[in-house]
Amino acid sequence: MVVQAEEGLITASPRILVATAVPPERDAVARAFPRAATEVRLPGALLCRTGTGWDLLAAGVGPALAAASTAGALTAAALEDAPYDLVVCAGIGGGFAPGAPVGSLVVADAITVADLGAETADGFLPVTELGFGTVTHRPPHTAVRAASEATGARTGTILTVSTVTGTAARATALRERHPGALAEGMEGFGVAEAAAAHGVPALEIRAVSNPVGPRDRAAWRIGDALTALTEAFGKLGPALESWNAHDDQ
């Protein structure tokens, strides 16, 4: 974000919207910021402003609600003449073994919707092969690098699914279709679609709470993943505050 000063142009810290699925994820992110957040009511959602240029939103579960809530926040900011420079989808998620073990962090270099398309006798066809839309958004590579270097996160594809993977067979099928996949979540693609509609770049970061595959709640480490998310944003904040979207142009 560039602002005008009397002595000339200076670079200011970017305004960043963080969209999580649920309040516990949003609150984990909020704990990384020293100031108490103030709440702003938006249609259908509650925005938490940290006072540091970062706004936090529990956008809802699943790509549709996450997209709608994120779009609402982006529209409100634009109407206030204070648009965001970056949208970050954040939360916990499943990790594909062995690339993303429980407790690790993943930053997406591709945000891909895994199940938008059609089942055919010859297998799954993504919606793009049916002649519609898109299935992947690619975050700015400089932002991905800055986030990965600051947090120690692995980089790879994060899949967006409407149905969480619960079997080994589906986990295998997803990896076969998306060899670069490291994690899955339910909101990233929806958030990225909303951001793209507003011309704002998007990033996604996940703290891995469980393996992708057969559901075994006893093996989930949700508390540890939320703690990892807080620690990640403690490092991510300074890294992205100095990030400049023009570096990718």
Side-chain angles (χ1 to χ4, degrees), residues 19-21 25 61-64 66-67 88-130 132-141 143-145 147-149 151-193 196 202-222 224-226 228-229 232:
T20 70
E25 292 170 318
V61 175
V88 181
C89 180
I92 63 176
F96 287 94
V102 172
S104 64
L105 293 168
V106 178
V107 172
D109 58 15
I111 302 170
T112 297
V113 61
D115 49 13
L116 181 61
E119 291 288 350
T120 75
D122 296 321
F124 178 82
L125 289 179
V127 70
T128 47
E129 293 191 24
L130 303 176
F132 305 103
T134 185
V135 294
T136 295
H137 291 280
R138 296 195 178 276
H141 71 272
V144 172
R145 184 174 66 246
S148 176
E149 290 177 353
T151 63
R154 296 158 168 81
T155 60
T157 300
I158 298 181
L159 301 179
T160 298
V161 295
S162 294
T163 301
V164 174
T165 300
T167 66
R170 186 165 190 255
T172 298
L174 287 176
R175 284 301 300 271
E176 288 176 350
R177 291 208 304 264
H178 307 281
L182 286 183
E184 75 168 22
M186 299 182 73
E187 295 76 34
F189 186 78
V191 170
E193 285 275 84
L203 188 67
E204 184 173 8
I205 182 169
R206 295 278 170 181
V208 176
S209 59
N210 57 276
V212 175
R215 289 174 65 81
D216 179 9
R217 294 183 66 92
W220 293 1
R221 298 292 181 265
I222 293 177
D224 292 342
L226 291 173
L229 198 62

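In this text, all values refer to a predicted model and were calculated from it rather than measured experimentally.
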Got a donor-acceptor contact below 3.5 angstrom from the E193 side chain to the F189 backbone?
no
A quick test of your reading: do over 12 heavy atoms of other residues, nucleotides or ligands sit less than 6.0 Å from CZ of R138?
no
Is there a donor-acceptor contact under 3.5 Å from the side chain of T151 to the main chain of A147?
yes
Side-chain contact test, heavy atoms from C-beta onward, threshold under 4.5 Å: evaluate it for T157 versus L182 and give yes or no.
no
Donor-acceptor contacts under 3.5 Å from residues 118-126 side chains, at least two apart:
from, atom 1, to, atom 2, distance (Å)
T120, OG1, D122, N, 3.1
T120, OG1, G123, N, 3.2
T120, OG1, G123, O, 2.6

Indicate the atoms forming the closest heavy-atom contact of I205 with V88, along with that distance.
CG2-CG1, 4.1 Å
Residue pair S148 / A153: nearest heavy atoms and the distance that separates them
OG-O, 2.7 Å
Which distance, rounded to the nearest 0.5 Å, do you find between the CG of L229 and the CZ of R206?
9.0 Å
Pair R177 + D115, salt bridge at N-O below 4.0 Å:
no
Hey, does H137 have a side-chain heavy atom less than 4.5 Å from the side chain of T160?
no
For A202 and P139, work out which heavy atoms get closest and say how close.
O-CB, 3.1 Å
Quick one, V208 with I92, criterion side chain to side chain contact (heavy atoms under 4.5 Å, CB included). Give me CA distance, side-chain angles, the key distance, then yes/no.
CA-CA 6 Å; V208 176; I92 63 176; over 6 Å; no
Show me, pair by pair, the donor-acceptor contacts under 3.5 angstrom made by side chains of residues 96-114, not counting sequence neighbours?
from, atom 1, to, atom 2, distance (Å)
S104, OG, P101, O, 2.6
T112, OG1, T136, OG1, 2.8

Test: side chain to side chain donor-acceptor pair (under 3.5 Å). Region: residues 208-222. Which pairs qualify, not counting sequence neighbours?
none
R175/E184 salt bridge by N-O under 4.0 Å criterion
no
I need the S162 OG to E187 CD distance, nearest 0.5 Å.
9.5 Å
